[in-house]
Amino acid sequence: MEEKGKYTDPELGLPASSAAHLEGKPPSLSSSSSSPSSLPAFEPIRAASTRRPSRDTARSKAASLQRSISNNGYGCDEPVDPDTSFPEPQSDDEKDPFEVTWDPSDRLNPRNMTLTKKWIIITITSFGSFIVTNASATYTATYGQMAPEFHSSRLVATIGLSTFVLGIALGPFWSPLAEFYGRRPIYLASFLFFMIFLIPSALAQNIQTMVIARFFQGLAGSAFLSVSGGTVGDMFSREEMQLPMAIFTLAPFIGPSTGPLIGGVTNSFLSWRWTHYIVLIESAVLIVSLWFFVPETYHPVLLTRKAQNLRRTTGNPNFYAPTEKMTRSVLSVVSHSLLRPFQILLFEPMALILDVYSAILLGLLYLFFGAFPLVFSTNYGFNLWQVGLTFMGLLLAMPLAIMTMPFWNRYRNTLAERRGRKSGSGSGSGEPEGEPEDQLPMVVVAAPLITGGLFWFGFTTYPWIHWIVPIIGSFVFGMGTMLAFTGIFTFLVDAYPRYAASTLAGNALVRCSFAAAFPLFGIQMYEGLGFQWATGVLAFLTLAMLPFPYIFFRYGKRIRARSKFATS
């Protein structure tokens, strides 16, 4: 008896079941015999499961090819609307045998990469996020040399920081472009433009050139913050994603925290222009690493290439990938992606309030880039590189907060198990299913840490109190901030899974807008109110936001039940 599965195309990674397609016809059209027993023992390309999918399941599988969730909060890929982008799902018997999907051991599937290769890609893309956010903050150390040279005030020089962050706020438009062209071209193109706009910054002869160039740097570099989180989802399943996503999430927050330190050391011993030269050198190393070590990982693009390769090698034009049935244009996708975040901000109170909370926190972080030098140079006589060291409290707090993630994951599982026992559904097999609100306990704990850390920092900034005391206060604030960001981002993704990209894009827009605005009034506020009460006002602002995480933890499910964007 002839055995199935002997032929495998080494280039395409096709199973034996695809061999019938090499003749240019589906197996059911074989004319060798009308008897079922005489038909060739080949099957069409299909997923490993042979269970008849439901309508919703089939649609979700199609959409899952398009969406990779990013917990870093800067963005992710918008899920494709299955009603307009893909044909109606069919049963196994009716499914088009020429539709190209992944086979379980397909070597072209990014999830089948070696673990070493996956971590090389994670390291390089995380380094890209670090470079961009670090460049936003190292600039703050150039004010002392640059402002006198350009005959500009410190406030005008600060506009260069704000325009950079404003450019980052517009970054989510990269995500729909990646849907059409893949992640790798977006990485290479965006970072090439990032490098190009670093050159006028390094060679600028006036503040106007600096401010404009900084905006385009932020806009170009934001691709790593809005697209590369999806690369993690391309390569790792949800069960494997915790550690790589934690590493990737940390990079954009380590970048700003180390910026004043690196910038302070550079500007203490070299010209301010070397601040930009160093970023330019780092970017050149990164773009070479991207070219040689970061392949395309976006599943729909890879499936399209696989289908094109099949058509070319077999001469059969019938092979197609699911996304080749899409009817949307680039313009329609980008315009749609720009509209929906505003709809969510207008009609989803939970998303709006949590967006404002995270925006205040990021605004405070960027405000501190001006406040820390003022406080520690005035009260303790610190020089530029010593001021950079005062950010070590924030820098150490963030990775330590990430290290607590296993505890929060166990606590989420505990909440799900309690819910299952209470409802009587926990006795069956399988993992208990959680609710999006299970992500919020870490924000509930983080909120008093944030407020307490700010009061601690603010009211210990007296010259007669040792400088380590306010730095410890900033450490407490940093721990709370990192926990709050992580909890808010994961809640938004879980509560609005179908519109995760739009939800996070709205968050990024609000968050980065605050981060762009806060540095512009921070110095005046600290000089006008005094170091203690300036921070105290900010602490009271976070105190007003403190109850909302708990309210949403208790009543969020009821609120979501009335939402047209959230799903239960």
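Predicted model only: the values in this text are computed from it and were never measured. Numbering of residues begins at 1 and proceeds along the displayed sequence.
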By side chain to side chain donor-acceptor pair (under 3.5 Å), which residues pair with Thr542, not counting sequence neighbours? Thr451
Scan the side chains in residues 515-523 for donor-acceptor partners under 3.5 Å anywhere in the protein, sequence neighbours excluded, and list what turns up.
none

Determine whether the side chains of Asn507 and Ser358 contain a donor N or O and an acceptor N or O closer than 3.5 Å. yes
Taking every heavy atom of Ala251 against every heavy atom of Thr133, the minimum-distance pair comes out as O-OG1, 3.9 Å
Using a 6.0 Å cut-off, check whether atom CH2 of Trp533 has over 12 heavy atoms from anything other than its own residue. no
Checking Thr163 side chain against Val211 main chain: does a donor-acceptor pair fall under 3.5 Å? yes
Separation between CZ (Arg154) and CG (Leu374), nearest 0.5 Å, reads 7.5 Å
Could you tell me the separation between the CE atom of Met442 and the OG1 atom of Thr404, rounded to the nearest 0.5 Å? 7.0 Å
Can you name the residues that form a salt bridge (charged side-chain N to carboxylate O under 4.0 Å, His left out) with Glu437, not counting sequence neighbours? Arg560
Under a 4.5 Å cut-off applied to non-hydrogen side-chain atoms, are Asp438 and Glu435 in contact? yes
All salt bridge (charged side-chain N to carboxylate O under 4.0 Å, His left out) counterparts of Glu149, not counting sequence neighbours: Arg273
Nearest non-hydrogen partners of Val156 and Ile207, listed with the distance: CG1-CG1, 3.9 Å
For the residue pair Leu492 and Gln439, establish whether any side-chain heavy-atom pair is separated by less than 4.5 Å. no
Are any side-chain N or O atoms of Glu348 and backbone N or O atoms of Leu346, one a donor and one an acceptor, separated by less than 3.5 Å? no
Are Ile450 and Met545 packed together at the side-chain level, in the sense that at least one heavy-atom pair is separated by less than 4.5 angstrom? no
Beyond-backbone contact of Val132 with Phe191, side-chain heavy atoms, under 4.5 angstrom: yes
Leu509 side chain near Phe342 side chain, heavy-atom distance below 4.5 Å: yes
Aromatic rings Trp464 and Tyr462: how do their planes relate, parallel, tilted or perpendicular, breaks at 30° and 60°? parallel
More than 12 heavy atoms of other groups within 6.0 Å of Trp274 CH2: no
To the closest 0.5 Å, what do you measure between CE (Met398) and CG (Leu250)? 8.5 Å
Smallest heavy-atom separation, Ser271 atom then Gln145 atom, equals CA-OE1, 3.6 Å
Check: Arg511 and Asp355 side chains under 4.5 Å, non-hydrogen atoms: no
May I ask you to decide if the ring planes of Trp272 and His276 are parallel, tilted or perpendicular, using 30° and 60° as cut-offs? perpendicular
Tell me, with the steps shown, if Thr275 and Asn267 meet side chain to side chain donor-acceptor pair (under 3.5 Å). CA-CA 7 Å; Thr275 305; Asn267 286 268; 2.9 Å; yes
Can you list the residues that meet the side chain to side chain donor-acceptor pair (under 3.5 Å) rule with Tyr366, with sequence neighbours excluded? Ser136
On a heavy-atom basis, the closest approach of Ser201 and Ala213 is OG-CB, 3.6 Å
Measure the CG-CD1 distance between Leu198 and Ile278 for me, rounded to the nearest 0.5 Å. 12.0 Å
Less than 4.5 Å apart, side chain to side chain, heavy atoms only: is that true for Phe553 and Val443? no
When the side chains of residues 469-480 are checked against the rest of the protein, which donor-acceptor pairs come out under 3.5 Å, sequence neighbours left out?
residue: Ser474; atom: OG; partner: Ile471; partner atom: O; Å: 2.6

CE/Met350 to CD1/Ile559 distance, rounded to the nearest 0.5 angstrom? 5.0 Å
Quick one: do Trp408 and Leu483 satisfy side chain to side chain contact (heavy atoms under 4.5 Å, CB included)? Show the steps, please. CA-CA 10 Å; Trp408 296 111; Leu483 290 174; 3.7 Å; yes
Side chains of Thr231 and Tyr187: donor-acceptor distance under 3.5 Å anywhere? yes
Heavy atoms only: give me the nearest Cys512-Val165 pair and the separation to one decimal. O-CG1, 3.4 Å
Could you walk me through whether Tyr143 and Leu161 pass the side chain to side chain contact (heavy atoms under 4.5 Å, CB included) test, one step at a time? CA-CA 11 Å; Tyr143 299 160; Leu161 172 63; 3.7 Å; yes
Are the side chains of Ile402 and Phe253 in touch, meaning some heavy atoms are under 4.5 Å apart? no
If you draw a 6.0 Å radius around CZ in Phe193, do more than 12 non-hydrogen atoms from other residues or ligands fall strictly inside? no
Would the distance check show the side chain of Thr125 and the main-chain N or O of Ile122 forming a donor-acceptor pair, the cut-off being under 3.5 Å? yes
Applying side chain to side chain contact (heavy atoms under 4.5 Å, CB included) to Met525 and Leu538, what does each step give before you reach the verdict? CA-CA 10 Å; Met525 185 175 71; Leu538 301 173; 3.8 Å; yes
So CG of Leu454 and CG of Leu543: to nearest 0.5 Å the spacing works out to 10.5 Å
Which of Phe216, Phe215, Phe164 passes ring-ring contact (aromatic ring centres under 6.0 Å, His included) with Phe197? It is Phe216
Would you confirm whether the ring centroid of Phe485 sits within less than 6.0 angstrom of the ring centroid of Phe489? yes
Aromatic ring centroids of Phe457 and Phe372 under 6.0 Å? yes
Would a distance-only check, ignoring hydrogens and angles, find a side-chain to backbone donor-acceptor pair under 3.5 Å from Thr535 to Phe531? yes
Taking the six-membered ring for Trp, is the centroid-to-centroid distance between Phe391 and Phe369 below 6.0 Å? yes
With side chain to side chain contact (heavy atoms under 4.5 Å, CB included) as the test, would you mind laying out the steps for Thr390 and Val375 before giving the verdict? CA-CA 10 Å; Thr390 62; Val375 169; over 6 Å; no
Can you give me the closest heavy-atom contact between Gly370 and Pro373, atom names plus distance? O-CD, 3.4 Å
